[in-house]
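Side chains included, hydrogens not; waters and symmetry mates left out as well; all remaining heavy atoms used. Computed from a predicted structure; not experimentally measured. Letters A, B, ... mirror the listed sequences (proteins, then strands); counts begin at 1.
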Amino acid sequence: MKLSSVVFKGAPLLKKKFITALCLLAFLFTPLFLESIKLLPMKAGAAYASEQTAQAEKPSGPEAKSEAKKEEHPPAPKLTEKDYPQVKYINGRIMAWLVAQLHLWFAAFVLAVPILVFIVEAIGMATKDKRYDKMAYEFIKVSLTAYSITAVFGGLLLFTLVIFYPDFMKYMAGIFSPTILAYAFLFFAESACLYIYYYGWHAMETGFGKWMHLTIGWVLNVVGTVLMFFANAWVGFMMSPHGVDAAGVFEGNIWHAIHTHLWNPLNLHRTVANVAYGGSVVGAYAAYKFLSSKTSEERAHYDWMGYTANFIAVSALLPLPFAGYWLIAEIYAYSQQMGITLMGGVFAWLFIIQAVLIGALFLSVNYYLWCGMERSKGADRYTKYIKYIAFVIVACFLVWFTPHTLILTPGELKALGGPYHKYLGPLGIMPAKNTAVNIMLIFTFLSFLLYRRCNKVATVSWAPIGNAMQIAIFVAAIINIATLGIYYGYFTNTVYKVASSVPQVMSTLTVIIACLIIDVFMFKGAKEVAPLQWGKMPDRSQYALFLLAVSFTWLMGLMGFIRSAIRQHWHVYTVFRDNSPDAFTPTIGYATRIVSIGVVIFMAIVIFIFWLAHISGKKSVSKEASH
Amino acid sequence: MKTFLRVVIFSLAVIFFYTFYASSMIPQIRPAPPPVEAKLDLGAMTMEQFINLGDTIFHGKGTCELCHNPVGGRAPLLDQVGKRAEERLKDPRYKGKAKTGEEYIRESMKEPSAFVVAGFGVKGTNDTQSPMPVVTSGAIGLKDFEVDAVIAYFQQKAGVSVTVQLPKEAPKQEAAAPAAVPAKSPEDVVAKYGCGVCHKIAGQAGPIGPDLTKIGAKKNKDYLRRAILDPNADIAKECPTGPCVPGIMPQDFGAKMTAGELEMLVNYLAKSK
């Protein structure tokens, strides 16, 4: 018996009413969201305008205006160590750090999963393949508990900040209070959408109800994304304050404070990263279920689920370096000093660690794809190429994590003859790294292309031409990327060194888009030579999915630290100084140990969530069986 | 259960590897502590001390060296700017208000876009906009006397006569000095009392006083304690700029430091071998 029949047993009228109520609710919410988004700057603008009018009525003069503004919005306070409350046995900064990071991990997960679910549900609707619907439902079930935990950590973060950084919170609330209220409202709206989306799944399974359900999913995603944009506005303001003067006095226009220099780069980077992250965590869930499966059907289902989640994660992972690059470029544009501290100062070594982690991500993704070829005997044609792809990816990975400047003892410096290695030093510069990462992306895409065609043979008459075109595009792009990297890296002024990045990225995107289009048309109606056998995967392949999820989580923790720490001893960069006892920038070892503690806590809670989903699944199965 | 344990062990092993790699295989640089306002007796400063202060600011608080270095090539080198300043004034592209070399350097620090050296402007602005931050505001926040000290340093380095006037009196100190809170570590003591402004110590490289990074190998605790409380009791022979001069080091650390801070610093120096 279907779950919908259990919920709405013998009550078709009630079901209709429920759907109608949902439709009304969804239509009610949508304009409200749009209105709140649209009106926010206008409201702020109106407030500013009325303030200006009031000011105009008062005795004029810039000093009088400035005084009046300072009365309403005081400058950023100059704090001393005594202004930071101390709680025995608890370090405020570590507490805030861990809680904020845990909140962020869960938030990323619960924002990403509905995006994944929406996409999978839409594919299911388009293809009429019930497997997609089942998988989407399983995804959203996992995210439901995570949603509550995200809220718990959000509340805990608020308490932590109020307890340990009261003056900072007061200052931020003085500027961002309208957005805080909007945030609270959106949180309720998101909760409502999520619960309707989840609990109404089976009630809206067919016909117009399904369309309605998909629409609610879309609204859920819009609300969740806008919610994240608000949080990004606060973080962006702390990094690149706007709408305040040099002393931190708020000028009165909330839109200026939201729309800082780094807001949009942060929005894009976090949205894309969330999708990749959500995919990787769901992939790990599927991998665990695959390994614990007792029947071949279960094994096939979770193999397919793991593949789909991994596919989504990789699809988002491919453009992620470009979004990250834009963010860093904008940091440089906002403050060269901040940019150089980030990439050339004490934080530079963290990017070597990042390179190792991203290298691990790419290697695990490729390994999973290569193992996936075992699902079809038709892949034997391509397995001989794997070793070459592996060689190129490892070589690129090695270039990527070659450091530029080495920190050496005087003895080592003398032995090396300078701070750079004679042969490896030139590989440490940014154009070399950009070249490596673009080639790594292209070869990862090649792995995917080979996997895609492993069970079939193109039957269109122009197949040889199509193949030749694909090879030509690959070769031309690689030559272009390498030439750009060499020319801009070693034959131009430093200022223009990064100029190669955009055309290199365009080359990579061209390969991905053009080859995918050719492939889709070329393999339309292709002959299947050996069908894919879902579930026929070695157990070891699933550990690639765990590696992906763990590496991603750790990487997010590390990058979160870097993003926050480049403010150094500032709560709000250049306007509100952090004078707490913990204002110092920690060493890399210290920071990574905190990150690891956070990852272990996060993983423990995620395992708990998976366990809850597992026992809930058991209950559903037994219920269905009893009917 | 077996699968569960395998997955947990695998995940922990991955986390452990990353932690080990980052903690043990990557150089552990201890970033400089947040800058603390050093209390300087500006009225009693000699020009040599003032130039050395400029040197310290150039390599430290001013963060000038982040860009103005021969490695990155992000900004023009400044070793000869004291000499070149006069030539810049004659450049047809110069639109600033400076009349002398000294004024030009001051202007370039306070209004970096007044003149942008060809090839170093913000991309797309045809060298009309400088990427350099204003050094008297924001994260750098140099005071006027610190800007003057840097100019004096540039002029001395370029071998031209130093035209900057010595400051006559100390500027008003802002109320943020955390002197009332005892330092918690030797590095905090060093930062709090500005030892690194003159000495090479705890990651700072003051160019005036003796190098203290290996002082523990040569001197015992009694000597070190006396040197802090009564700096003129024993004068070191060699300082980076020549023979050490008596009377430069502040004489009032005995009144300012807590007993705990003093002992912490003495023990730290004694262990610096």
Side-chain angles (χ1 to χ4, degrees), chain A residues 78-82 246 287-288 291-292 332-333 335-338 340-341 344-346 349-350 352-353 356-357 360 405-407 419 493-496 499 543 546-547 549-551 554 558 568-570 573-574 577-579 581 583-589 591-593 595-596 599-600 603 607, chain B residues 1-4 6-8 10-35 63 66-67 69 71-75 119-123 130-134 137-141 174-181 184-185 187-188 191:
Chain A
K78 291 184 191 303
L79 306 178
T80 65
E81 281 192 359
K82 285 180 182 169
Y288 180 72
L291 292 174
S292 329
Y332 265 97
S335 165
Q336 185 150 311
Q337 191 192 3
M338 192 190 247
I340 294 173
T341 304
V346 289
W349 279 98
L350 285 163
I352 297 300
I353 304 172
V356 171
L357 282 153
T405 313
L406 300 172
I407 308 292
N493 187 305
T494 299
V495 179
Y496 302 105
Y543 287 89
F546 292 122
L547 179 62
V550 174
S551 302
W554 207 86
L558 182 79
Q568 296 185 291
H569 52 278
W570 298 93
Y573 193 61
T574 72
R577 187 170 162 152
D578 179 356
N579 274 320
F584 65 92
T585 304
T587 59
I588 293 172
T592 50
R593 283 193 289 277
V595 170
S596 292
V599 174
V600 171
M603 289 292 177
I607 288 169
Chain B
M1 195 62 187
K2 220 176 190 180
T3 306
F4 174 76
R6 271 187 197 152
V7 171
V8 168
F10 176 78
S11 303
L12 288 176
V14 173
I15 295 169
F16 175 79
F17 168 74
Y18 289 146
T19 315
F20 174 75
Y21 173 69
S23 304
S24 308
M25 298 173 79
I26 292 287
Q28 298 300 304
I29 306 161
R30 181 183 280 267
T63 64
L66 273 178
C67 302
N69 66 61
V71 178
R74 291 189 170 275
F120 292 101
V122 174
K123 202 179 161 193
S130 170
M132 178 172 150
V134 176
S137 64
I140 302 173
E174 299 210 1
V181 183
K184 288 178 182 164
S185 67
E187 288 82 6
D188 287 349

Participant: Is the shortest side-chain heavy-atom distance between B/V7 and A/I607 below 4.5 Å?
Facilitator: no

Participant: Need one label for B/F4: side chain, backbone, both or neither, based on atoms under 4.5 Å from any heavy atom in chain A.
Facilitator: both

Participant: Using heavy-atom distances under 4.5 Å, tell me whether A/S335 contacts chain B through its side chain, its backbone, both, or neither.
Facilitator: neither

Participant: Applying side chain to side chain contact (heavy atoms under 4.5 Å, CB included), name anything that partners B/T19, two or more places apart in sequence or on another chain.
Facilitator: A/W554, A/R593, A/S596, B/I15, B/S23

Participant: Using non-hydrogen atoms only, which part of A/P581 is less than 4.5 Å away from chain B: side chain, backbone, both, or neither?
Facilitator: side chain

Participant: Out of A/L558, A/T585, A/V600, A/V595, which one racks up the most heavy-atom pairs below 4.5 Å with chain B?
Facilitator: A/T585

Participant: Between atom CZ of B/F17 and atom CG of A/L547, what is the distance when rounded to the nearest 0.5 Å?
Facilitator: 10.0 Å

Participant: Examine whether an atom of B/Y18 lies under 4.5 Å from a heavy atom of chain A, and if so say whether it belongs to the side chain, the backbone or both; otherwise answer neither.
Facilitator: both

Participant: Check each atom of A/A583 against the heavy atoms of chain B and say whether the ones under 4.5 Å are side chain, backbone, both or neither.
Facilitator: both

Participant: Does the separation of the ring centres of A/Y543 and A/F546 fall below 6.0 angstrom?
Facilitator: yes

Participant: Rounded to the nearest 0.5 Å, what separates atom NZ in A/K78 from atom CZ in A/R577?
Facilitator: 10.0 Å

